[in-house]
Novice: 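Following this message is one structure expressed as structure tokens.
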Amino acid sequence: MLIPHDTRIALDIVVDLVNTAPERDESPEGDDLGDVPSLYTFVQKCNISDVGELRANDLKAVREVRSRFEEVFAAPDARAAAELINRLVASAGTTPQLTDHDGYDWHVHYFAPGASVAEHLAADCGMALAFMIVAGEQERLRRCEAPGCGRAFVDLSRNRSRRYCDSRTCGNRLHVAAYRARRREAAG
């Protein structure tokens with residue numbers, strides 16, 4: 001599957017954003033976007049361009065966008081995902097523009113100049129998810145199958161077989177546990 005560079009970056013950002021949410025059974029204190037400084041950290045880590053001063057209302061709006069992206073990852077089919085994405089992108093007031101900044105070749109930004117960080121995320125990341133739906137690849141938007149994990153990821157494996165957010169942690173942990181269980185069973 002050929003994914004343009006800017007779309008790949010936006011997919012990585014939406015996964016990072018969704019994974020900042022506290023686990024379903026955790027308290028709100030487990031939120032990686034717990035305050036405005038953590039939002040600044042997220043913006044810097046993801047190298048999100050054209051973001052000015054952030055305030056509490058920006059944090060609230062980004063958390064709302066994150067919640068809507070979580071719904072996309074949980075959507076039962078492409079039609080449901082498309083409806084969610086359409087509402088999300090429309091709410092951002094998209095204004096596609098070609099740009100070549102920060103050493104990147106020409107690419108499209110979907111957010112309007114001066115957009116808030118939440119609008120920026122909704123537009124660019126929403127369009128990246130729209131690209132996945134248009135390509136018939138909604139099933140690549142997944143949650144880790146490891147017990148107790150549930151982190152979001154985009155399965156870009158050739159045969160769509162990825163099951164874990166990280167094969168070195170979740171995948172390896174499950175394989176080791178299965179190996180030990182087989183050894184215990186064989187021993188006794």
Novice: Any donor-acceptor pair under 3.5 Å linking the side chain of Arg158 with the backbone of Arg160?
Specialist: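 No.
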
Novice: Is Glu137 salt-bridged to Arg140, going by a charged N under 4.0 Å from an acidic O?
Specialist: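 The answer is yes: the pair qualifies as a salt bridge.
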
Novice: Of the non-hydrogen atoms in Leu54 and Tyr40, which two are nearest, and what is the gap between them?
Specialist: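 That would be N-OH, 2.8 Å.
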
Novice: Going from CG on Leu39 to CD1 on Ile48, what distance comes out if it is rounded to the nearest 0.5 angstrom?
Specialist: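 Leu39 atom CG to Ile48 atom CD1 measures 8.0 Å (nearest 0.5 Å).
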
Novice: Taking all atoms of both residues into account, what is the closest heavy-atom pair of Arg162 and Ser157, and its distance?
Specialist: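 Looking at all heavy atoms of both residues, the shortest contact is N-OG, 3.6 Å.
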
Novice: Closer than 3.5 angstrom, by distance alone: can the side chain of Thr41 be matched with the main-chain N or O of Pro37 as a donor-acceptor pair?
Specialist: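 It does hold such a pair.
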
Novice: For a side chain to side chain contact (heavy atoms under 4.5 Å, CB included) with Leu129, tell me which candidate from Val134, Val154, Val89, Val14 qualifies.
Specialist: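 The side chain to side chain contact (heavy atoms under 4.5 Å, CB included) with Leu129 is passed solely by Val14 among Val134, Val154, Val89, Val14.
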
Novice: Return yes if some donor-acceptor pair links the side-chain N/O of Ser38 with the main-chain N/O of Gly34 below 3.5 Å, else return no.
Specialist: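 Yes; judged by distance alone, with no hydrogens or angles, the pair exists.
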
Novice: With Asn86, which residues qualify under side chain to side chain donor-acceptor pair (under 3.5 Å), at least two apart?
Specialist: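 In terms of side chain to side chain donor-acceptor pair (under 3.5 Å), with neighbours along the sequence ignored, Asn86 is linked to no residue.
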
Novice: Measure across Val18 and Ala152 and return the closest heavy-atom pair with its distance rounded to 0.1 Å.
Specialist: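 Heavy-atom minimum between the residues: CG1-CB, 3.7 Å.
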
Novice: Can you tell me which residue among Asp32, Val62, Leu59, Leu33 is in a side chain to side chain contact (heavy atoms under 4.5 Å, CB included) with Phe42?
Specialist: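 Exactly one pass, corresponding to Leu33.
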
Novice: Same cluster or not: Leu88 versus Phe111, using hydrophobic residues (I, L, V, M, F, W, Y) connected whenever any side-chain heavy atoms lie under 4.5 Å apart?
Specialist: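 Hydrophobic grouping puts Leu88 apart from Phe111.
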
Novice: Taking only distance into account, with no hydrogens and no angle test, what donor-acceptor pairs under 3.5 Å do side-chain atoms of residues 118-125 form with protein atoms, sequence neighbours excluded?
Specialist:
from   : atom 1 : to     : atom 2 : distance (Å)
Glu119 : OE1    : Ser116 : N      : 2.9
Glu119 : OE1    : Ser116 : OG     : 3.4
His120 : ND1    : Ser49  : O      : 3.4
Asp124 : OD1    : Tyr110 : N      : 2.7

Novice: Side chain of Asp58, backbone of Arg55: donor and acceptor closer than 3.5 Å?
Specialist: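 Answer holds: yes.
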
Novice: Taking all atoms of both residues into account, what is the closest heavy-atom pair of Ala80 and Asp77, and its distance?
Specialist: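 Closest pair (atom of Ala80, atom of Asp77, distance): N-OD1, 2.8 Å.
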
Novice: Counting only heavy atoms from other residues, nucleotides and ligands, does the tally under 6.0 Å from CZ of Arg8 exceed 12?
Specialist: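 At most 12 heavy atoms, drawn from other residues, nucleotides or ligands, come within 6.0 Å of this atom.
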
Novice: Backbone N or O of Ala21 within a donor-acceptor pair of the Asp31 side chain at under 3.5 Å?
Specialist: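 Flag not set: sc Asp31 to bb Ala21 has no pair under 3.5 Å.
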
Novice: Which heavy atom of Leu84 sits nearest to which heavy atom of Glu71, and what is that distance?
Specialist: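 Where Leu84 meets Glu71 most closely, the heavy atoms are CD2-OE1, 3.2 Å.
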
Novice: Output yes when Arg143 and Glu145 qualify as a salt bridge under the 4.0 Å nitrogen-oxygen rule, no when they do not.
Specialist: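 Here Arg143 does not pair with Glu145 in a salt bridge, since their nearest N and O are not under 4.0 Å apart.
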
Novice: Could you tell me which non-hydrogen atom of Phe153 sits nearest to which non-hydrogen atom of Cys165, and how far apart they are?
Specialist: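 Minimum heavy-atom contact is CD2-CA, 3.7 Å.
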
Novice: Less than 4.0 angstrom from a charged side-chain N to a carboxylate O is my criterion; do Asp155 and Arg142 meet it?
Specialist: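 Salt bridge between Asp155 and Arg142, a charged N being under 4.0 Å from a carboxylate O: yes.
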
